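This one's a predicted model, so the numbers in the text were calculated from it and none came from an experiment. Per chain, numbering begins at 1; letters A, B, ... match sequence-line order.
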Amino acid sequence: MNFEVIFFFFIAVSAVVSAILMITQRNPIKSVLFLIVNFFCLALIYLILHAQFIAIIQILVYAGAIMVLFLFVIMLLNLGDESRLTEKMNFKKTIAYVLSGIVLLEIMIGLGLPLGYGFSSMHPRAVEIGTVESIGKSLYTEFILPFEITSLLLLAAIVGVIVLAKKKFQ
Amino acid sequence: MNFNLTEIPLNYYLALSAIMFSIGVVGVLTRRNAIIVFMCIELMLNSVNLTLVAFSAFHGNATGQILVFFVMAVAAAEAAVGLAIIIALFRNKMTVNIDEINIMKW
């Protein structure tokens, strides 16, 4: 048990705890803040995995842009706590927990988790493939068509958001 | 000091990702606030991203990280459109509780 493993476990436990706090908070604003904590923990894990570009994009896009959008919408709608609807459905909740446990078990089996695939150390090229240079090179040569289609997707999203969220004509 | 953090096996990352995905499933199934359900979907997307990055680093193949880039682009578009739908719903029904939004229910 050396420093790296202890650091990894610290980050992993804080990611899981912030995710649990995220789904148990009554107040949506607190949920958003715990989700941001979770995203920062994930960015640190990406750094441990030598994926520098993904870590930076995680903080910029997820924690910076998407979560600000969520906060903005919650404050725009001025939502209160959802206290009155959570007590009455214990039976459905039990079914939900059982189903989630089954999902967890299935994922564990699907990934072969008790034994795993036997990868105990990273590939020697792991440091160089995570850099901006490597990602950008393959993004602009090998994956140029999906990259351009992404711009079309974002354009469609912009137009769709304006159509959906604008006021109706009288 | 050695900064080459290669001591952690792949299974740890996969287990963390599986646990986070299951927490997202619990949130989607138990919460009734549409925005929080939406945030749980983001959490599930992120746990799958973690799996992709972990496999990419352990296989020495950059394609997984490219896929994570595209997943993030789609997630940004999805978040914007979904929040616009929630705003439109709130304008019509004055609620974001998904038990009360049943106009599409047969």
- [ ] Against chain B, label A:Val163 side chain, backbone, both or neither, depending on which of its atoms sit under 4.5 Å from a heavy atom there.
- [x] neither

TODO: Please round to the nearest 0.5 Å and tell me the distance separating atom CE of B:Met72 and atom OG1 of A:Thr150.
DONE: 13.5 Å

TODO: Find the distance between CG (A:Leu42) and CG (B:Asn46) and round it off to the nearest 0.5 Å.
DONE: 5.5 Å

Task: Per-residue contact mode, B:Met39 against chain A (heavy atom under 4.5 angstrom) - done: both

- [ ] Output every pair passing ring pair (Phe, Tyr, Trp, His ring centres under 6.0 Å) with a member in residues 27-46 of chain A, not counting sequence neighbours, ordered by first then second residue.
- [x] A:Phe39-A:Tyr62

Open item on the list: Under 4.5 Å from any heavy atom of chain B, what part of A:Leu104 do you find: side chain, backbone, both or neither?
Closed with: both

Task: Which atoms of B:Ile19 approach chain A - backbone, side chain, both or neither, heavy atom under 4.5 Å - done: both

- [ ] First locate atom CD1 of A:Ile23, then atom CG of B:Leu43, and finally report the distance between them rounded to the nearest 0.5 Å.
- [x] 8.5 Å

- [ ] Could you tell me which portion of A:Ile162 (side chain, backbone, both or neither) has an atom closer than 4.5 angstrom to a non-hydrogen atom of chain B?
- [x] neither

Open item on the list: Counting only non-hydrogen atoms closer than 4.5 Å, does B:Leu45 touch chain A with its backbone (N, CA, C, O), its side chain (CB onward), both, or neither?
Closed with: side chain

Open item on the list: Looking only at the side chains, is there a donor atom on one of A:Gln58 and B:Asn49 sitting less than 3.5 Å from an acceptor on the other?
Closed with: no

- [ ] Could you tell me how the ring of A:Phe8 sits relative to the ring of B:Tyr13: parallel (under 30°), tilted (30 to 60°) or perpendicular (over 60°)?
- [x] perpendicular

- [ ] Using non-hydrogen atoms and a 4.5 Å limit, figure out which bit of A:Ile66 sits close to chain B: side chain, backbone, both or neither.
- [x] side chain

Task: Interface residue of largest heavy-atom contact number with chain A, from B:Ile66, B:Leu29, B:Ile87, under 4.5 Å - done: B:Ile66

Acceptor/donor pairs from residues 53-64 of chain B side chains to any protein atom, 3.5 angstrom cut, sequence neighbours excluded:
residue : atom : partner : partner atom : Å
B:Ser56 : OG   : B:Asn61 : O            : 2.7
B:Ser56 : OG   : B:Gln65 : NE2          : 3.4
B:Asn61 : OD1  : B:Thr63 : N            : 3.2
B:Asn61 : OD1  : B:Thr63 : OG1          : 2.9

